[in-house]
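Here's the structure we're looking at; comments come further down.
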Amino acid sequence: MNKAIQELMAKLALTSDNILKADIYREILYRAADFISTGVKVVGVKNFQTLEVKYHIPSELSVEYPVAEGAVATVDNKVTWTDFTLSLKKAEVPLFITDEAKTRQFDNQWQLVLKRAGEALAKEKDENILETIANGYYTGWTHTASNKWNTSSGDPAADIAQALESILSATGVSDADIKNVAVIVPVKAWGYLMKTQDIENIRTNLINWFKDSYGIEFYPT
C-alpha cells in the first residue's frame, strides 16, 4: 500500500461526516486500482475534465540539407494535421458498508470491501488498456514467438530482441521512448522468466538480464 492511500485511510478515521467519507472512499478506490493495475503502470494516467477529447497530431517533417545560401524552404514541406478523437467511458462498482459491518469489526470490513472493489476496477482497466495496445499495432510490427516460452524449444530472449529491433527501427523513436519499453506477459509465464539459468556466461534469469542489458521492465498480468 502506497503512502497516498495510507494518508487517505488516516483521514477517513478522523472524519465523521458521511458525505466526506464517501469522497474519501472513492479516492481510495481509484488510487488502489491504479496502484495494482499493470496497464496503468505501463501507459500512465492522464486526467480530463470532459468525456469527449480531441487531439490534432502533426505530421512528420523532413529536413533538406545542404541548401544554398539564402535558400527558402519548399512549399510542399509543410505540416499536415490528423484529428484524433477520444470518447471516455465510465465504469461502476458497488460499494456498500452496512450498519452490521459497523458493529462487527467495521475497520476490517470496509478495508476488505475496498480491496475487492479495487481489484475489480484494476482488472477492468488492464483489460481495456492492454487490449487497446494489442489492437493498435502497425502492420508488419508483429512477430510470432519461435515456440512457447515454457518449453525447451522456446527462446524468449530472441523473441524479445526481435520485437525490440522492430520498435527501434520505427520512425521518430527517441531516447525517452527507448527507456519506456516494457514487456507485458501472462502471469503463468512469469515463473519461467524468473528461472535461473546461464545467459552469456552469467548465472541469472531473463528478467534481470534484459533489465541490466536493455533497461526493459517486465510486468505480469
Side-chain angles (χ1 to χ4, degrees), residues 1-58 81-137 174 176-190 207 211 215-221:
M1 185 179 299
N2 66 7
K3 184 178 180 181
I5 298 177
Q6 291 177 335
E7 291 175 349
L8 284 169
M9 285 185 167
K11 184 178 180 181
L12 183 63
L14 300 174
T15 303
S16 59
D17 187 286
N18 286 334
I19 296 178
L20 292 178
K21 280 187 175 182
D23 289 337
I24 297 174
Y25 281 134
R26 186 183 300 109
E27 185 65 22
I28 291 175
L29 173 60
Y30 291 162
R31 289 181 180 271
D34 288 348
F35 182 66
I36 62 177
S37 169
T38 297
V40 169
K41 290 183 178 69
V42 173
V43 303
V45 176
K46 184 174 181 60
N47 296 319
F48 295 97
Q49 299 300 320
T50 176
L51 295 179
E52 302 295 332
V53 182
K54 187 173 184 179
Y55 285 104
H56 301 286
I57 304 176
W81 296 88
T82 301
D83 292 339
F84 179 78
T85 303
L86 173 66
S87 180
L88 300 182
K89 298 179 180 179
K90 298 181 291 183
E92 72 173 10
V93 58
L95 180 60
F96 297 101
I97 299 176
T98 64
D99 289 337
E100 289 89 347
K102 292 182 179 180
T103 58
R104 294 189 178 120
Q105 299 179 351
F106 170 73
D107 290 340
N108 184 51
Q109 290 288 335
W110 72 260
Q111 289 184 36
L112 291 175
V113 172
L114 276 176
K115 181 177 183 294
R116 289 304 189 199
E119 291 170 350
L121 183 56
K123 181 176 183 294
E124 191 65 31
K125 284 174 176 278
D126 277 357
E127 289 179 351
N128 184 282
I129 293 172
L130 300 180
E131 182 180 355
T132 301
I133 292 175
N135 293 335
Y137 63 85
S174 65
D177 296 324
I178 296 173
K179 295 177 182 178
N180 288 331
V181 172
V183 178
I184 305 170
V185 298
V187 69
K188 62 182 180 180
W190 192 255
I207 292 177
K211 186 177 294 187
I216 295 177
E217 292 289 342
F218 282 72
Y219 296 96
T221 185

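Note that these values count all heavy atoms, side chains included, but never hydrogens, waters or copies made by symmetry. Computed from a predicted model, the values in this text were never measured in an experiment.
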For [X] against [Y], the heavy-atom pair lying closest together:
X	Y	answer
Ala122	Ala33	CB-O, 3.5 Å
Thr38	Pro220	OG1-O, 2.9 Å
Leu121	Ala91	CD1-CB, 4.5 Å
Tyr55	Val53	CE1-CG1, 3.9 Å
Ile24	Leu8	CG2-O, 3.6 Å

CG on Leu88 to CD on Glu52, rounded to 0.5 Å: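 One finds 7.5 Å between CD of Glu52 and CG of Leu88.
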Separation of Ile207 CD1 from Glu217 CD (nearest 0.5 Å): 10.0 Å
Would Lys46 count as a cation-pi partner of Phe48, with NZ or CZ less than 6.0 Å from the six-membered ring centre and within 45° of the ring normal? yes
Contact check, side chains of Val43 and Ile133, non-hydrogen atoms, under 4.5 Å: yes
Kindly indicate whether the side chain of Asp83, heavy atoms from C-beta on, has any atom under 4.5 Å from the side chain of His56. yes
Tell me, yes or no, whether the heavy-atom count around [X] atom [atom1], taken from other residues, nucleotides or ligands under 6.0 Å, exceeds 12.
X	atom1	answer
Glu124	CD	no
Lys123	NZ	no
Glu131	CD	no

Using only atom types and a distance under 3.5 Å, with no angle test, would you say the side chain of Lys41 pairs donor to acceptor with the backbone of Asp34?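 No; zero donor-acceptor contacts below 3.5 Å.
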Looking at Asp23 and Arg26, does any basic side-chain N land under 4.0 Å from a carboxylate oxygen? yes
Which residue is it: Val42, Thr221, Asp126? I am looking for the one with a side-chain contact (heavy atoms from CB on, under 4.5 Å) to Ser37.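 The residue from Val42, Thr221, Asp126 that satisfies side-chain contact (heavy atoms from CB on, under 4.5 Å) with Ser37 turns out to be Asp126.
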